[in-house]
Amino acid sequence: MMDKTHKLAIIISMCAFIFSIFFTIIAGFSEYWARAEVIDTRKFQHAGSVHTGVFAGNREIDFGQGDVNTRFTVFNELQEGTSFFSRTVWIFFLFFESMSLIWSMIGVVTCVFSMTSLALDISVAGPNGIYLWSLLSSVSHGGALALFYSQFQSSFKISMLLEEHHDIGFTTFNQASLSYAFYMSLCGLVALYIPPLTLVVFTEKLTIRERSKTPNNFDPTVMLY
């Protein structure tokens with residue numbers, strides 16, 4: 001029968017996996033991964049804003065007669081060759097995020113199996129497997145965030161507008177900043193470090209407790225021989 005301490009560690013691990021999945025999905029469908037202020041270089045004043053997610057975004061620009069909102073999808077702009085996303089980076093970002101979700105979901109199932117008699121401790125479907133799925137998920141998720149951040153530094157900060165906007169005199173150069181969805185996804189990454197750390201801490205406590213209960217059968221008379 002599983003020790004209560006070990007069982008608690010697995011429950012905490014399962015909650016961490018679920019937390020990561022939830023934050024990753026919510027962030028993925030958000031349109032606020034990055035935002036930028038639009039500057040009218042003709043008048044040197046604020047003229048709107050742009051925000052984007054990994055699938056869609058919106059440009060709100062004042063052309064002189066009030067703000068005009070223009071929604072866009074990353075996929076369509078990639079097809080047209082006008083996106084501030086790199087096609088390769090975007091595809092790999094989605095791939096790594098998808099793999100992270102898959103590994104996390106397997107981690108949840110593994111936690112459920114670990115609290116039953118369906119899996120042995122030495123199996124990847126048991127408690128030891130939690131280390132593996134957490135590692136794979138965190139590496140995939142971290143890789144996706146690294147790709148997005150590199151794209152943010154190399155492209156978003158330069159421009160989040162179309163060529164037609166530049167021709168008129170609008171710019172977002174050095175006006176871009178990361179928005180809340182990126183940090184939500186980052187929280188999802190941090191959560192993936194909780195399962196292995198929890199198991200290590202709780203397992204170590206359990207080991208120390210078992211050692212303290214082990215009777216000392218050392219016979220001092222043995223030294224006489």
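Remark: side-chain polar atoms of Ser104 are paired, donor with acceptor, to backbone N or O of Ser100 under 3.5 angstrom. Judged purely by atom type and a 3.5 angstrom limit, Thr41 uses its side chain to pair as donor or acceptor with the backbone of Gly169. Using a distance-only test at 3.5 Å, with no hydrogens or angles considered, no donor-acceptor pair links the side chain of Thr110 to the main chain of Ile130. Side-chain atoms of Ser179 do not come within 3.5 Å of backbone N or O of Trp33 as any donor-acceptor pair.
In the hydrophobic clustering of this structure, Ile158 does not group with Ile168; members are Ile, Leu, Val, Met, Phe, Trp, Tyr whose side-chain heavy atoms approach within less than 4.5 Å, directly or through other members. Under the 4.5 Å side-chain heavy-atom criterion for grouping Ile, Leu, Val, Met, Phe, Trp and Tyr, Met105 is connected to Phe29 within one hydrophobic cluster. Criterion: ILVMFWY side-chain heavy atoms under 4.5 Å apart, direct or through other members. Under it, Phe170 and Phe173 are not part of a common hydrophobic cluster. Note on Val109: it does not cluster hydrophobically with Phe22, by side-chain heavy-atom contacts below 4.5 Å among ILVMFWY residues. Both Phe75 and Phe148 are part of a single hydrophobic cluster, where members link through side-chain heavy atoms under 4.5 Å apart.
For the atom pair CD of Glu97 and OG of Ser140, the computed distance is 9.0 Å after rounding to the nearest 0.5 Å. Thr88 contributes atom OG1, which lies 9.5 Å from atom CD of Gln151 (distance to the nearest 0.5 angstrom). To the nearest 0.5 Å, atoms CD (Gln79) and CG (Asn76) are separated by 7.5 Å. With values rounded to the nearest 0.5 angstrom, Ser98 atom OG is found 9.5 Å from Phe93 atom CZ. The CD1 atom of Ile194 sits 9.5 Å away from the OG atom of Ser134 when rounded to the nearest 0.5 Å. Taking CG of Leu145 as the reference point, atom OG of Ser150 lies at 10.5 Å (rounded to 0.5 Å).
With a 4.5 Å cut-off on side-chain heavy atoms, Ser30 and Met184 do not count as touching. Leu178 is listed as a side-chain neighbour of Tyr183, based on a closest heavy-atom distance under 4.5 Å. Side-chain contact between Glu60 and Asn58 is present, with heavy atoms from C-beta onward closer than 4.5 Å. Val112 is listed as a side-chain neighbour of Met14, based on a closest heavy-atom distance under 4.5 Å. Looking at Phe84 and Thr52, their side chains come closer than 4.5 Å, going by heavy atoms from C-beta outward.
The environment of Phe63 atom CZ is dense: over 12 non-hydrogen atoms of other residues, nucleotides or ligands sit within 6.0 angstrom. In Tyr149, the OH atom is not crowded: 12 or fewer heavy atoms of neighbouring residues, nucleotides or ligands sit closer than 6.0 Å. Within a 6.0 Å radius of OH in Tyr180, more than 12 heavy atoms belonging to other residues, nucleotides or ligands are found. Around the OH atom of Tyr32, the shell of radius 6.0 Å holds no more than 12 heavy atoms that belong to other residues, nucleotides or ligands.
Among all heavy-atom pairs drawn from Gly53 and Val74, the shortest one is O-CG2, 3.9 Å. Contact record, Leu78 with Ser86: CD2-C, 4.2 Å, taken as the closest heavy-atom pair. Residue Leu189 comes nearest to Ser138 through the heavy atom pair CD1-O, 3.4 Å, listed as atom of the first residue, atom of the second, then distance. Here the shortest heavy-atom pairing between Phe85 and Val54 reads CZ-CA, 4.4 Å. Taking each heavy atom of Ile10 and Cys111 in turn, the nearest pair found is CG2-O, 3.4 Å. Heavy-atom minimum distance, Phe156 versus Ala34: CD2-CB, 3.6 Å.
Between Phe55 and Trp90, the ring-plane angle classifies as perpendicular under the 30° and 60° cut-offs.
For the pair Arg87 and Phe92, the cation does not sit on the ring face, since its NZ or CZ is not both under 6.0 Å from the ring centre and inside 45° of the axis.
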>> Does Arg59 form a side-chain contact (heavy atoms from CB on, under 4.5 Å) with Val38? I'd like the steps, not just the answer.
In response: CA-CA 9 Å; Arg59 294 186 180 95; Val38 179; over 6 Å; no
> Does the pair Ile39 and Phe44 meet the rule for a side-chain contact (heavy atoms from CB on, under 4.5 Å), with working shown?
Replying inline: CA-CA 7 Å; Ile39 304 298; Phe44 296 100; 5.7 Å; no
>> Please determine whether side-chain contact (heavy atoms from CB on, under 4.5 Å) holds for the pair Ile61 and Thr70, giving the CA-CA distance in whole Å, both sets of side-chain angles, and the decisive distance to 0.1 Å.
In response: CA-CA 8 Å; Ile61 304 175; Thr70 306; over 6 Å; no
>> Does Ile21 form a side-chain contact (heavy atoms from CB on, under 4.5 Å) with Val108? I'd like the steps, not just the answer.
In response: CA-CA 10 Å; Ile21 292 171; Val108 172; 4.0 Å; yes
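Screening residues 166-177 for side-chain hydrogen bond (donor to acceptor under 3.5 Å, both in side chains), with sequence neighbours left out, gives Ser159-His166. Residue pairs meeting the side-chain hydrogen bond (donor to acceptor under 3.5 Å, both in side chains) criterion with at least one member in residues 185-196, sequence neighbours excluded: His141-Ser185.
Tested against Pro195 for a side chain to side chain contact (heavy atoms under 4.5 Å, CB included), the candidates Trp133, Tyr131, Phe17 yield a single pass: Phe17.
Val139 shares a hydrophobic cluster with Leu135; the chain of contacts runs through ILVMFWY side chains whose heavy atoms sit under 4.5 Å apart.
Aromatic rings of Phe19 and Phe23 (six-membered ring for Trp) have centroids within the 6.0 Å cut-off, being under it.
At a cut-off of 3.5 Å, with distance as the only test, no side-chain donor of Thr198 or Ser13 sits close to an acceptor on the other residue.
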